[in-house]
Undergrad: 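My structure is below; once you've seen it, I'll send some questions.
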Amino acid sequence: MQKIGVFVCHCGTNIAATVDVKAVAEALSHEAGVVISQEYQYMCSEAGQNLVKDAIKEYGLTGVVICSCSPRMHENTFRKAAASAGLNPYLVEIANIREQCSWIHKDIATATEKAIILGKAAIAKVHLNTPLIAGESPVAKRALVIGGGIAGIQTALDIAEAGFEVDIVEKEATIGGKMAQIDKTFPTLDCAACILTPKMVEASQNEKITIHSYSEVSAVKGFIGNFTATIKKKRRFVDESKCTGCGVCTEVCPMQKVPNAFNLGLNNRGAVYIPFAQAVPKVATIDANYCLKLRKGDVNEKVCGKCAAACTAGAINYYQQDEYIEQKYGAIVVATGFNPIKLDKYDEFAYNQCADVVTSLELERLMNAAGPNGGTLLRPSDKTHPHKIVFVQCVGSRCDDSKGKPYCSKICCMYTAKHAMLIREKYPDTEVYVFYIDVRTPGKNFDEFYRRAVEQYNVHYIKGMVGKVTPKADGKIDVQASDLLSNEQLHIDADMVVLATAIEPDKTARPLATMLTTQMDTNDFFTEAHAKLRPVESATAGIFLSGACQGPKDIPETVAQASAAASKAIGLLVKDSITCNPCVAHSNELMCNGCSACEKVCPYGAITYQDKEFRTPYRTTVMRRVASVNPAVCQGCGACTVACPSGAMDLNGFSNSQIMAEVDAICK
């Protein structure tokens, strides 16, 4: 005989303000098998949990229903409470009457009625629940960090410091990311390279860290503690173990008109290149799209070869092929970073028509001592000194149209203030205008930094929008804008225009999320498991989020989140084994027809097929192909149960009969 206890939570006023909690407890007390039904202010509190424990012991409960908030919040809390009282934790069911009732309904009668229905559905399921036993799975003591920017570097260093092996996979030829392209950092105006390059060198010299640059993750299988990743090391036509980074090959290459991607195309480099002087690893790479010897896809023995002839180390290898490395990992940290949006749809700013209209990141390179002008700010068009510069804020940010992004990119206000201050300090004869919607300075000492730009450096901040940017025949740029405070239309003859473009996730983020079977929001940022309580964990166990892949961030916030992600990964890696989820799929071999539908939809590769002997009613044996589930790999997503046409696949804890019992209870 079933003895079920029902406990309804007020959740302060989160639930009780819209749901008549006492009425819910009273209605559910009359359900079959319910021996106790009571309500309490905070069920998740210690006192609330003790109510559950005492009831289990006093009434000998065989099942528990908690009517409260989402199981994502406190299912583990109540399972542990039940287990401590001697009840199998998988005999506890959560009815979500907060998110699914009180938070979405304003009418008390409607919310209360729905809460009662959800409670009845949970009770119906508990009647069919069976005790489940969780197994254990070993943890691979190695971490994978995808992305080699400041977020990935900081994460890897923290994990390595804890004594675990770490692999950094970076798609570019060097680690460093966007921070390597920046000149100074706000609000302290530190040299970005002076902060970053020591960490890059530290990562390269750490015996626990392996850097796979010019590489990408091509496949990921497995589950928390036991991921298997395939890393594709793209051919750079240079043997990393032999290259000394001397740069002779880059000097002798005759193809010296290749757009320099590191300088955002503002100058040229050779077909053989080292991205920048402090690159890690400092290894040359041959761009096969421009190399005279390789650009037709095959090695032309009769053409060029000057880099190979000049290389005394014998590192040049025109026949090098892509290399694939397969490695097991216990934890994966995503640190794929961001990119500025493309401005193809913003013709009103003349970005594609005028070389002197640049993005903020391009301005960083123009001002950088290692940039195309050696640190002297010159107009790209004629290499002359600009005397009037206009900054345009929120280009592509906070847009309600299809061209841009609906969110604030967070860093633009501050780096524009930084640019304005640096220009005014180094070139006092240059006038600087900043057109803004509003100035956002949420970080520590950020507002003081912005005020310095206005009060100390006399930067002209104008609240208004730039409507059109038009290049003029005399080399000037006509900036047509509105001053909303004075209600005037302005025309400024500028020498340069700088666009503070929105930032977006790297293009590799979405395919990577699909590969990792984790979630993204509508803007292609990775979604955290819980915005407040689990901000660096993804919804997929064992996968953590670091830096701007999760949302727009400045450098301090990125480094903080990187260390937080590392601490979560370390917390996993220190375990010798983890408790597996017992809610896994299983196959009824007598019903299975061997169609492979479940195998094709399984994202974890947990389902295989094997031939088995079956006896027929006529006492003969036949061989049949049937599905077999590896419980250590299965994560209980339920995709196979939906795909199975014969109904052979079922899920422990969420069986077809349990789901139908819930449906029947709702429809009564």
Undergrad: Can you confirm whether F525 sits close enough to Q550 that some side-chain heavy atom of one is under 4.5 Å from a side-chain heavy atom of the other?
TA: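 The answer is no; the side chains never approach within 4.5 Å.
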Undergrad: Honestly, is K232 close enough over Y324, meaning NZ or CZ under 6.0 Å from the six-membered ring centre and within 45° of the axis?
TA: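 No - K232 does not lie over the ring of Y324 by the 6.0 Å and 45° rule.
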Undergrad: Indicate yes or no for a side-chain donor-acceptor contact from E170 to the backbone of E172 under 3.5 Å, with no hydrogens or angles considered.
TA: yes
Undergrad: Can you sort out the partners of K282 under salt bridge (Lys or Arg N to Asp or Glu O under 4.0 Å), two or more places apart, ordered by chain and number?
TA: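 Salt bridge (Lys or Arg N to Asp or Glu O under 4.0 Å) list for K282, sorted by chain: empty.
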Undergrad: Please set out all donor-acceptor pairs under 3.5 angstrom arising from side-chain atoms of residues 145-159, sequence neighbours excluded.
TA:
{"residue": "Q154", "atom": "OE1", "partner": "K199", "partner atom": "NZ", "Å": "2.9"}
{"residue": "Q154", "atom": "NE2", "partner": "D158", "partner atom": "OD1", "Å": "3.1"}
{"residue": "Q154", "atom": "NE2", "partner": "D158", "partner atom": "OD2", "Å": "3.4"}
{"residue": "T155", "atom": "OG1", "partner": "A151", "partner atom": "O", "Å": "2.9"}
{"residue": "T155", "atom": "OG1", "partner": "S546", "partner atom": "OG", "Å": "3.0"}
{"residue": "T155", "atom": "OG1", "partner": "A562", "partner atom": "O", "Å": "3.1"}
{"residue": "D158", "atom": "OD2", "partner": "S563", "partner atom": "OG", "Å": "2.6"}

Undergrad: Check the pair K405, S397 against side chain to side chain donor-acceptor pair (under 3.5 Å), reporting the backbone distance first and the verdict last.
TA: CA-CA 5 Å; K405 305 296 180 181; S397 293; over 6 Å; no
Undergrad: Centre of F654's six-membered ring, under 6.0 Å away, within 45 degrees of the axis: is that where NZ or CZ of K125 sits?
TA: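 So K125 does make the cation-pi contact.
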Undergrad: When the aromatic ring centroids of F446 and F186 are compared, is their separation below 6.0 Å?
TA: yes
Undergrad: In this structure, are over 12 heavy atoms from other groups packed under 6.0 Å from E99 atom CD?
TA: yes
Undergrad: Is there a donor-acceptor contact under 3.5 Å linking the side chains of D239 and Q320?
TA: no
Undergrad: Taking atom types as modelled and ignoring hydrogens, do the side chains of N14 and R98 form a donor-acceptor contact shorter than 3.5 angstrom?
TA: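 R98 and N14 do not have a side-chain donor-acceptor pair below 3.5 Å.
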Undergrad: Fit a plane to each ring of Y415 and H419, take the angle between them on a 0 to 90° scale, and name the class: parallel (under 30°), tilted (30 to 60°) or perpendicular (over 60°).
TA: tilted
Undergrad: Show your reasoning for whether ring pair (Phe, Tyr, Trp, His ring centres under 6.0 Å) applies to Y329 and F227.
TA: CA-CA 5 Å; Y329 300 99; F227 296 105; 8.6 Å; no
Undergrad: I'd like to know whether the aromatic ring centres of F262 and Y273 sit less than 6.0 Å apart in this structure.
TA: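 Ring centres of Y273 and F262 not closer than 6.0 Å.
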Undergrad: Ignoring hydrogens and geometry beyond distance, is a side-chain donor-acceptor pair present between N339 and D506 at under 3.5 Å?
TA: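 Yes, side-chain donor-acceptor contact under 3.5 Å.
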Undergrad: Would you please test S215 and H212 for side chain to side chain donor-acceptor pair (under 3.5 Å) and show each step?
TA: CA-CA 6 Å; S215 303; H212 297 291; 5.1 Å; no
Undergrad: If only side-chain N and O atoms count, and only distance matters, is there a donor-acceptor pair under 3.5 Å linking T558 with Q561?
TA: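 No, no side-chain donor-acceptor pair sits under 3.5 Å.
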